[in-house]
Undergrad: 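I'd like to ask you about the structure that follows.
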Amino acid sequence: MSPRAPVSPLRRLLKYCKRLLIALLVLLTVLALPIANNELMCRNSTKSVAYTPVLSDPEKQRDENRTYLTYPEWHIVHVYDDYAFTIGQGNPHDYNFLAPIKDYWVSLCSLSQRAEPGKAPLLDTKAMVYTIGVSFTLELLLKAFYEESIGRVFTLIRGDQLSALDESSAVQAAAYAKFLQQAPWYQWDFSADLDTIRTSSAGELRDSERSFALGVEFSAKAKYAALIGQAVASTGFDKLVLHTVVKDISSAELQQIEGIKIIAKEGLFVEIETPRYRAFTLIAKAIAQRGGNFVEIAGNDDIMLTALSGNKTEADSIMSYQRQGYADYRHLITQKVADLSDNLRRAEANNTLLIEHIHDY
């Protein structure tokens, strides 16, 4: 039997390139499937309900569909909070990285079915949601692969006692999760995190492994954040204020609430300007506590909020899922703007449903 001819280096290289290409195509297919599913299976075919805004100035109006499609970004914020809570109690591999990926795309499908067609073009918003969804999916898949293999091995070698970088990374994760409540992720100083890695290491084997893993992650995010920041600066920043019409509350009481600027008063209605994001949720709760009621927000009569409770489902929820690390459930709830204050007061009174975030537009 004649010996097999040796494989040339060129053929070996071509073989590896072919395998790499196949793996890349499989990965791209996996990342594209949720987008295809959302476009084909998650459309809303119902007719839009006509509504005439009190705020007639288009500059003060915002697309109502964005109350639904801002959630995917906040889903990622919530995931970082859940992850920070988990590693504050244990190890990164204790976190189920695949569950939040599933919840991201399932929630997006439910929200896309709720978004009203014809109210405003959704192309730009969906493109953004798809882009961050793919980035989020890829990031968590890579973290899952690493933490469930190399990371887990090094925790076994380390033992039950957390290393210095285990503890400092948990602190960093908690600070980052809190930062995301009011500011975009690309404004975070990842370079400072890299400095913290160098100064916090105690020289243990686990610290060396964490230095490598976190160093790669923070370096990549620092470069990506710089690119995103430049892109946002070139296209223009989103408005950071919101115009809302309220009633049943005096101007004097409104002025006592931090962040509110009174714009106009006409009859029983008062137009106010407020910050968006987390600050708006706190302001809305303060208005409701003082007996005020909402007429419309940014020219819209529908809004979505997230709430936390020990129940698996809540009334009017689009979707509910359990938070990792916490013993409760998050609910995506839709309602009329006119009912918002009553529901805020009811939630505060029964103390079983915590209003987490009101999704503005």
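Numbers for residues simply follow the sequence, beginning at 1. Not measured: the values here are computed from a predicted model.
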Undergrad: Name each donor-acceptor pair under 3.5 Å that joins a side chain in residues 83-92 to protein atoms two or more places apart or in another chain, with its distance.
TA:
| residue | atom | partner | partner atom | Å |
| --- | --- | --- | --- | --- |
| Thr86 | OG1 | Asp82 | O | 2.9 |
| Asn91 | OD1 | Arg158 | NH1 | 3.0 |
| Asn91 | OD1 | Arg158 | NH2 | 3.0 |

Undergrad: With distance as the sole test, does Glu296 use its side chain to make a donor-acceptor pair with the main-chain N or O of Val337 at under 3.5 Å?
TA: no

Undergrad: Between Ile297 and Leu340, is the side-chain contact (heavy atoms from CB on, under 4.5 Å) condition met? List the steps.
TA: CA-CA 10 Å; Ile297 302 173; Leu340 180 58; 4.0 Å; yes

Undergrad: Side chains of Ile287 and Glu253, heavy atoms from C-beta outward: is any pair under 4.5 Å?
TA: no

Undergrad: Within the side chain of Lys261, is there an N or O that forms a donor-acceptor pair under 3.5 Å with the backbone of Gln255?
TA: no

Undergrad: Determine whether a donor-acceptor pair (N or O, by modelled atom type, separation under 3.5 Å) exists between the side chain of Glu356 and the backbone of Leu308.
TA: no

Undergrad: Between Ala99 and Gln324, which heavy-atom pair has the shortest distance, and what is it?
TA: CB-NE2, 3.9 Å

Undergrad: Taking the side chain from Ser341 and the backbone from Gly292, do they hold a donor-acceptor pair closer than 3.5 Å?
TA: yes

Undergrad: Do Ile333 and Thr306 come close enough that some side-chain heavy atom pair is under 4.5 Å?
TA: no

Undergrad: For residues Asp207 and Ala164, report the shortest heavy-atom separation together with the two atoms involved.
TA: OD1-N, 3.5 Å

Undergrad: Please check: side-chain N/O of Thr199 versus main-chain N/O of Thr196, any donor-acceptor pairing under 3.5 Å?
TA: yes

Undergrad: Examine distances only and state if a side-chain atom of Ser149 and a backbone atom of Tyr146 form a donor-acceptor pair shorter than 3.5 Å.
TA: yes

Undergrad: Classify the angle between the aromatic ring planes of His357 and His359 as parallel (below 30°), tilted (30 to 60°) or perpendicular (above 60°).
TA: perpendicular

Undergrad: Quick check: does any side chain N or O of Thr70 sit under 3.5 Å from a backbone N or O of Tyr361, one acting as donor and the other as acceptor?
TA: no

Undergrad: Within 45° of the ring axis of Phe280 and under 6.0 Å from its six-membered ring centre, is that where the NZ or CZ of Arg276 lies?
TA: no

Undergrad: Please identify which of these residues, Leu165, Thr155, Ile157, meets the side-chain contact (heavy atoms from CB on, under 4.5 Å) condition with Arg206.
TA: Thr155

Undergrad: Is it the case that the side chain of Ser107 and the backbone of Tyr104 share a donor-acceptor pair, with hydrogens and angles ignored and the cut-off at 3.5 Å?
TA: yes

Undergrad: Please tell me if the side chains of Trp105 and Thr137 come closer than 4.5 Å, counting only heavy atoms from C-beta onward.
TA: yes

Undergrad: Using a 3.5 Å distance criterion without hydrogens, assess whether the side chain of Lys143 forms a donor-acceptor pair with backbone atoms of Leu138.
TA: no

Undergrad: I'd like to know whether the aromatic ring centres of Tyr224 and Trp185 sit less than 6.0 Å apart in this structure.
TA: yes

Undergrad: So does Glu39 get a backbone contact from the side chain of Arg43, meaning a donor-acceptor N/O pair under 3.5 Å?
TA: yes

Undergrad: Tell me whether the centres of the aromatic rings in Tyr321 and His75 are closer together than 6.0 Å.
TA: yes

Undergrad: Given the rule in the side-chain contact (heavy atoms from CB on, under 4.5 Å) test, do Tyr329 and Glu314 qualify, once you have shown the distances and angles that lead to the verdict?
TA: CA-CA 10 Å; Tyr329 294 82; Glu314 289 289 345; over 6 Å; no

